[in-house]
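Below is one structure, written out as structure tokens; comments come after it.
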Amino acid sequence: MKSLETAKNMELYSLSTLNYIRKKFGFHNAKSLGQNFLTDKGVIDSIIEATDINEEDLVIEIGPGIGVLTVEAAKEAGKVCAIEIDKNLLPVLDFTLKGYDNIEVINQDVLKTNLNDIIKSSTFQHTKVIGNLPYYITTPIIMYLLENEINIESITIMMQKEVADRIIAGPGSKTFGAISLAVQYYCEVSEVADVPKEVFYPVPKVDSTVLKLSIRTEKQVQPKNEKLMFSCIKAGFGQRRKTILNSLTGAGFSKDEIKQALERLSIEPKRRAETLSIEDFAAISDELAVFVEKKDE
Ligand code: SAM
């Protein structure tokens, strides 16, 4: 295996390289950190292509692992900033990323990283996020990126297929829920690829999907009170079997207040949250905002 001693020419994604690296560095994949590494060049290429990277871009990668996506992004981008929580991967990344002068590895939990500081201190025009996300914190990572209004253009990420199905679902669908509304409010969502579980090492229990979330310059709706709209969504889907009249009491309103709001909007109180669109939730929260204002007086 002497020829593998310089990493730049190796096929990082191949299983034999991964085995070589695991042996060389005594590295064991940590299940608790969702370390299922990609071993398929086609999938890596589809993530890079969908991200549409050029040299004016800063790419932020969440969880580089041994660097399979990192090196491919670095070939196209101005700079790649790879955030990896596992310090055991640092000597591995030192080896696999040697020779690339536009990659910075940050050993941190992405959820505790101030991404806006990283973006502000760089000189690049656009910032794009990529990653093969650890399954155990996919939703918190997505919501962290969206709710903190981090200045990014797009997020191209691999996640469990079941989570992707929920994100892309529309009203009336069984998988439609608070996460669909939240992500679609901030982003235009497109499906990049379905990925079978066999292309990961170790092989996980479930299949995956790559989604591209393109951040909207203008949000899907403009509610008077965004926080209130999301508490209505949370209350509505928190008890999704209940009628909207009953479930919205969970957002702190009386049935009488909810009835009045729904009546003004001609929304049938017997409907359930899963049949309502983001426009409906924005309109309901706009009507209910009146009662919040009265309580605040
Ligand atoms: N990108 C590599 C690949 O595709 O082969 C690795 C993907 S693996 C599914 C997820 C990676 O995220 C692991 O390297 C893991 O250590 C890292 N990770 C897990 N939790 C993290 C966190 N909170 N912040 C940053 N990285 C994290």
Side-chain angles (χ1 to χ4, degrees), residues 7 10-22 25 27-51 53 59-74 77 80-97 100 103-115 118 128-145 148 150 155-164 192-193 195-211:
M10 1 198 267
E11 292 174 340
L12 272 189
Y13 52 85
S14 83
L15 204 51
S16 61
T17 307
L18 180 57
N19 282 333
Y20 167 77
I21 283 174
R22 281 160 44 85
F25 292 93
F27 178 80
H28 300 282
N29 294 53
K31 210 175 166 190
S32 63
L33 294 175
Q35 289 178 347
N36 301 95
F37 294 161
L38 254 175
T39 61
D40 186 294
K41 181 70 162 60
V43 176
I44 294 165
D45 288 345
S46 69
I47 296 174
I48 300 297
E49 261 166 48
T51 309
I53 306 169
V59 171
I60 294 180
E61 185 189 4
I62 300 170
I66 69 161
V68 286
L69 275 167
T70 327
V71 295
E72 297 306 323
V80 180
C81 189
I83 301 165
E84 174 55 63
I85 197 170
D86 187 359
K87 68 172 177 5
N88 294 326
L89 280 168
L90 298 183
V92 175
L93 287 166
D94 254 358
F95 174 69
T96 57
L97 306 181
Y100 293 88
I103 301 176
E104 181 186 359
V105 176
I106 299 179
N107 180 211
Q108 240 168 253
D109 178 345
V110 68
L111 295 176
K112 294 186 181 144
T113 306
N114 188 332
L115 298 177
I118 295 175
K128 294 165 181 172
V129 173
I130 62 168
N132 167 17
L133 294 188
Y135 292 154
Y136 75 110
I137 45 166
T138 300
T139 310
I141 290 177
I142 295 174
M143 293 321 293
Y144 177 75
L145 296 172
N148 289 302
I150 292 161
I155 308 170
T156 313
I157 37 171
M158 171 105 67
M159 65 193 76
Q160 199 174 327
K161 184 175 183 317
E162 193 203 351
V163 177
V192 175
V195 181
K197 53 182 179 291
E198 290 75 22
V199 306
F200 298 93
Y201 180 87
V203 177
K205 288 202 177 76
V206 291
D207 292 325
S208 291
T209 296
V210 178
L211 291 185

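Counting starts at 1 for both ligands and their atoms, following the listed order.
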Using a strict 4.0 Å cut-off to heavy atoms of [X], name the atoms of ligand 1 that fall inside it.
X	answer
V68	3 (C), 4 (O), 5 (O)
L33	15 (C), 16 (O), 19 (C)
E61	1 (N)
G34	8 (S), 9 (C), 10 (C)
Q35	13 (C), 15 (C), 16 (O)

Only heavy atoms count here, so choose which of N88, I137, T138, N132 is nearest to atom 3 (C) of ligand 1.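 Nearest heavy atom to atom 3 (C) of ligand 1 lies in N132.
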Looking only at non-hydrogen atoms, which of P64, G65, G63, P204 approaches atom 12 (O) of ligand 1 most closely?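 Checking each option, the heavy atom nearest atom 12 (O) of ligand 1 is found in G63.
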Checking side chain to side chain contact (heavy atoms under 4.5 Å, CB included) against T156, which of L211, I47, L69, I53 comes through?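 Of L211, I47, L69, I53, side chain to side chain contact (heavy atoms under 4.5 Å, CB included) with T156 is met by I47 alone.
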Sole candidate of N132, I142, I62, L145 that passes side chain to side chain contact (heavy atoms under 4.5 Å, CB included) when paired with I157: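 Among the candidates, only I142 passes.
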Hey, does [X] come in under 3.5 Å of ligand 1, counting only N/O atoms on both sides?
X	value
L38	yes
I62	no
D86	no

Assess the residue pair D40 and F200 against the criterion (side-chain contact (heavy atoms from CB on, under 4.5 Å)); give the C-alpha distance rounded to whole Å, side-chain angles, the decisive distance to 0.1 Å, and a yes or no. CA-CA 8 Å; D40 186 294; F200 298 93; over 6 Å; no
Using heavy atoms and a 4.0 Å limit, tell me yes or no: is [X] in contact with ligand 1?
X	result
M158	no
I83	yes
Q108	yes
D109	yes
L89	yes

Should the ring pair F95 and Y20 be called parallel, tilted or perpendicular, given that the plane angle runs from 0 to 90° and is split at 30 and 60?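 F95 vs Y20 ring planes: tilted.
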Could you pull out the closest heavy-atom pair between [X] and [Y], with the gap in Å?
X	Y	answer
A164	T209	CB-CB, 3.6 Å
Y135	Q160	CE2-N, 3.5 Å
P140	L111	O-CD2, 3.8 Å
A77	V59	CB-CG2, 3.8 Å

Walk me through whether Y201 and N29 qualify under side-chain contact (heavy atoms from CB on, under 4.5 Å). CA-CA 9 Å; Y201 180 87; N29 294 53; 4.2 Å; yes
Ligand 1 versus Y136, non-hydrogen atoms closer than 4.0 Å: side chain, backbone, both, neither?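 For Y136, the contact with ligand 1 is made by the side chain alone.
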Where is the nearest protein heavy atom to [atom]: which residue, which atom, and how far?
atom	answer
atom 27 (C) of ligand 1	I85 CG2, 3.4 Å
atom 14 (O) of ligand 1	E84 OE1, 2.7 Å
atom 24 (N) of ligand 1	V110 N, 2.9 Å

So E162 and V206, side-chain contact (heavy atoms from CB on, under 4.5 Å) or not? Walk me through it. CA-CA 9 Å; E162 193 203 351; V206 291; 5.9 Å; no
Stepwise, does the side-chain contact (heavy atoms from CB on, under 4.5 Å) test hold for V43 with Y13? CA-CA 10 Å; V43 176; Y13 52 85; over 6 Å; no
When rounded to the nearest 0.5 angstrom, what distance separates CD in E104 from CG in L97?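 E104 atom CD to L97 atom CG measures 12.0 Å (nearest 0.5 Å).
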